[in-house]
Amino acid sequence: MGGRSCPGTHRNLAVPIYGLTDGNSFYCSCEAAFDPKLKGLPVVVLSNNDGCAIARSSAAKALGIKMGDPWHIVRGKRELEHVQWYSSNFALYGDVSRRVFQVLADRVPRAEPYSIDETFLDLTGLPGNLHERCRQIREDVRKIAKIPTCVGWGPTKTIAKLGNSIAKDEPGLEGLCDLTDPEVRATYATLPAGEVWGIGGRTTEKLQKAGVITIADFVRLDPRQVRDQLTVIGARIHAELRGISCLPLSLVAATRKGIAVTRAFGHPITTWCELREAVAAYATRAGEKLRSEGLQASHMAVFLQTNPHKPDEPWHSEQRAARIEPTSDSMALIAEAGRMLKPLWKAGHRYYKAGVILNDLVAQADQPAMLFATRDPVRSASLMAAMDSVNARYGRGTVRPLSTVIQRGWSTRHDRLSDRYTTRLEEILVATAW
DNA sequence: TCTGGGGTCCTAGGACCC
DNA sequence: TCTGGGGTCCTAGGACCC
């Protein structure tokens with residue numbers, strides 16, 4: 001990696017220093033934060049449907065459990081009997097994430113949340129010993145939010161990110177890695193280029209064919225060549241590794257560009273009836289997400305896939321997309337999704353996964369009709385929580401569970417479809433002509 | 001031999017990230 | 001039997017317009 005660039009132009013300005021903190025095995029650490037006896041044990045957090053491992057504690061990693069391992073295979077192994085496994089609880093992880101961010105934001109001039117477990121920090125011009133400062137921040141997060149982290153820092157975000165991953169891999173560094181010094185960076189330039197943030201599998205392959213193996217090899221390339229072969233994205237990474245900051249800290253939370261609700265069914269679906277029910281539920285959920293953020297969507301895509309893990313069965317993946325009237329009304333979304341899905345569905349296929357994706361989001365014009373659609377006879381906690389959040393936003397009683405409505409014989413406020421609450425999915429499907 | 005060309009909008013698809 | 005669910009950004013190419 002090269003030295004710092006552009007010296008002297010802004011002699012009066014301090015050299016920028018970016019930090020990156022990252023929660024170790026974040027989801028597992030969240031579970032352990034609420035159940036301290038998990039500390040040090042092999043813990044695994046599973047994806048939706050408990051399909052595969054999406055987080056492993058270090059003890060679980062040591063047992064050889066990999067990211068994305070299908071749980072039905074791993075579970076059967078005798079030597080893994082004592083692994084503690086959890087279904088994912090994203091509401092919990094979101095809460096912990098906000099707490100961690102608050103601790104960080106209170107301790108640096110500027111902080112940018114990057115992902116559920118990562119935060120970029122502005123460490124520019126801080127007085128005193130930076131290493132000691134980062135050590136203290138890390139300690140505070142562990143004490144207050146109960147989450148172990150690593151911190152890396154350097155002159156650009158990409159270098160900070162690299163520092164963070166080095167801090168994670170080298171126990172001797174005690175979770176801290178300072179890459180502000182070009183000479184220190186040079187000692188890590190023998191790492192594979194694929195370790196760099198933004199250089200994924202495809203790019204690594206491409207680079208290898210050109211004889212580029214290590215970070216040092218990559219940095220040595222001619223910038224124009226990088227721009228030609230790897231587009232502006234590659235060019236930015238290349239510059240950042242040479243100490244030229246191209247990715248500024250952004251303090252305004254980016255407005256969301258899209259909303260996706262996609263899911264594997266858990267078992268193959270063959271009938272139109274089952275399929276429409278699943279996709280109607282996704283569209284309903286997508287509408288809830290829109291409304292909870294005060295947004296409307298004016299573009300929708302729907303897709304349908306068979307199982308990609310069955311090489312002997314033919315694989316189909318079909319998608320349809322179209323502009324729609326701006327809406328956040330679940331009813332309208334269900335109707336649109338149905339219209340798009342119908343020509344995609346074919347009898348005889350064993351469908352594995354489907355999804356509804358909303359794009360071109362705009363601020364909501366006015367309040368849409370509320371819809372509470374579920375076949376679930378159980379009032380699950382997540383359902384009640386979703387209902388509460390709608391009511392908190394639009395006023396008490398805007399939505400209620402179906403059972404309450406029936407029980408009390410209420411004739412309730414209307415929606416666009418009929419003169420009473422439409423809460424049963426079957427009715428919605430009939431009414432929207434699926 | 002040589003088919004206008006540039007701008008803009010839209011979509012699909014690729015690549016990467018957590 | 002059972003294999004994640006979200007996101008972002010960029011590019012190429014077609015349609016359309018002048």
Side-chain angles (χ1 to χ4, degrees), chain A residues 20-27 30 44-56 65-76 85-90 93-94 97 113-120 157-158 161 164-165 168 193-207 227-237 246-247 250 253-269 282 285-286 289 293 298-301 303 305-311 313 315 317-323 350 352-361:
Chain A
L20 180 73
T21 75
D22 166 298
N24 302 344
S25 310
F26 185 66
Y27 299 160
C30 289
V44 172
V45 171
L46 301 173
S47 66
N48 184 52
N49 293 336
D50 292 345
C52 60
I54 56 171
R56 306 100 71 220
I65 300 173
K66 302 264 181 320
M67 189 73 166
D69 272 356
W71 194 242
H72 65 97
I73 292 171
V74 176
R75 189 174 37 195
W85 60 276
Y86 288 79
S87 298
S88 43
N89 180 352
F90 288 99
Y93 310 149
S97 173
Y114 170 64
S115 74
I116 194 162
D117 71 327
E118 289 168 282
T119 304
F120 281 106
K157 279 184 165 181
T158 303
K161 195 96 166 67
N164 181 281
S165 87
K168 228 180 291 181
E195 296 280 303
V196 173
W197 182 38
I199 301 184
R202 292 308 179 96
T203 307
T204 301
E205 225 171 88
K206 212 167 170 182
L207 288 172
R227 171 66 182 82
D228 287 349
Q229 304 285 313
L230 304 180
T231 81
V232 295
I233 301 206
R236 277 204 284 261
I237 296 168
C246 307
L247 306 169
S250 118
T255 48
R256 184 209 266 286
K257 304 269 190 327
I259 284 175
V261 181
T262 70
R263 212 133 285 158
F265 301 126
H267 67 96
I269 280 184
Y282 301 168
R285 177 77 193 110
K289 285 190 181 183
E293 299 186 28
S298 43
H299 185 274
M300 173 186 274
F303 73 84
Q305 292 176 1
T306 60
N307 196 333
H309 306 293
K310 306 253 176 177
E313 290 179 18
W315 187 63
S317 169
E318 289 192 276
Q319 170 164 354
R320 207 158 266 216
R323 192 141 293 287
R350 293 161 59 78
Y352 166 83
K353 182 179 184 176
V356 173
I357 299 161
L358 304 176
N359 277 304
D360 292 354
L361 308 185

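What you see below is based on every heavy atom in this structure, not just the backbone, and it leaves out hydrogens, waters and symmetry mates. Remember, it's a predicted structure, so these values are computed and weren't measured experimentally. Residue numbers begin at 1 in each chain, while the letters A, B, ... track the order of the sequences.
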Heavy atoms only, 4.0 Å cut-off, all strands: where does [X] land among base, sugar-phosphate and nothing?
X	result
A:T203	sugar-phosphate
A:V74	nothing
A:D50	nothing
A:W197	sugar-phosphate
A:Q319	nothing
A:G68	nothing
A:I259	sugar-phosphate
A:A321	sugar-phosphate
A:F90	nothing
A:Y352	sugar-phosphate
A:I73	nothing

Terminal contacting nucleotides, 5' and 3', DNA chain C versus chain A (heavy atom, 4.0 Å):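 Range of nucleotides touched by chain A: C:dC2 to C:dT11.
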Pairwise P distance, C:dC18 and B:dT3 [rounded to whole Å]: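 Here B:dT3 and C:dC18 have their P atoms 25 Å from each other.
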Identify, with sequence neighbours excluded, every residue that meets side chain to side chain contact (heavy atoms under 4.5 Å, CB included) alongside A:N359.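 With sequence neighbours excluded, A:N359 shows a side chain to side chain contact (heavy atoms under 4.5 Å, CB included) to A:H299, A:I357, given in chain and number order.
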Dot-bracket for DNA chain B, 5' to 3', with Watson-Crick and G-U pairs under 3.5 Å, [ ] for crossing pairs and | for other-strand pairs: what is it? ....||||||||||||||
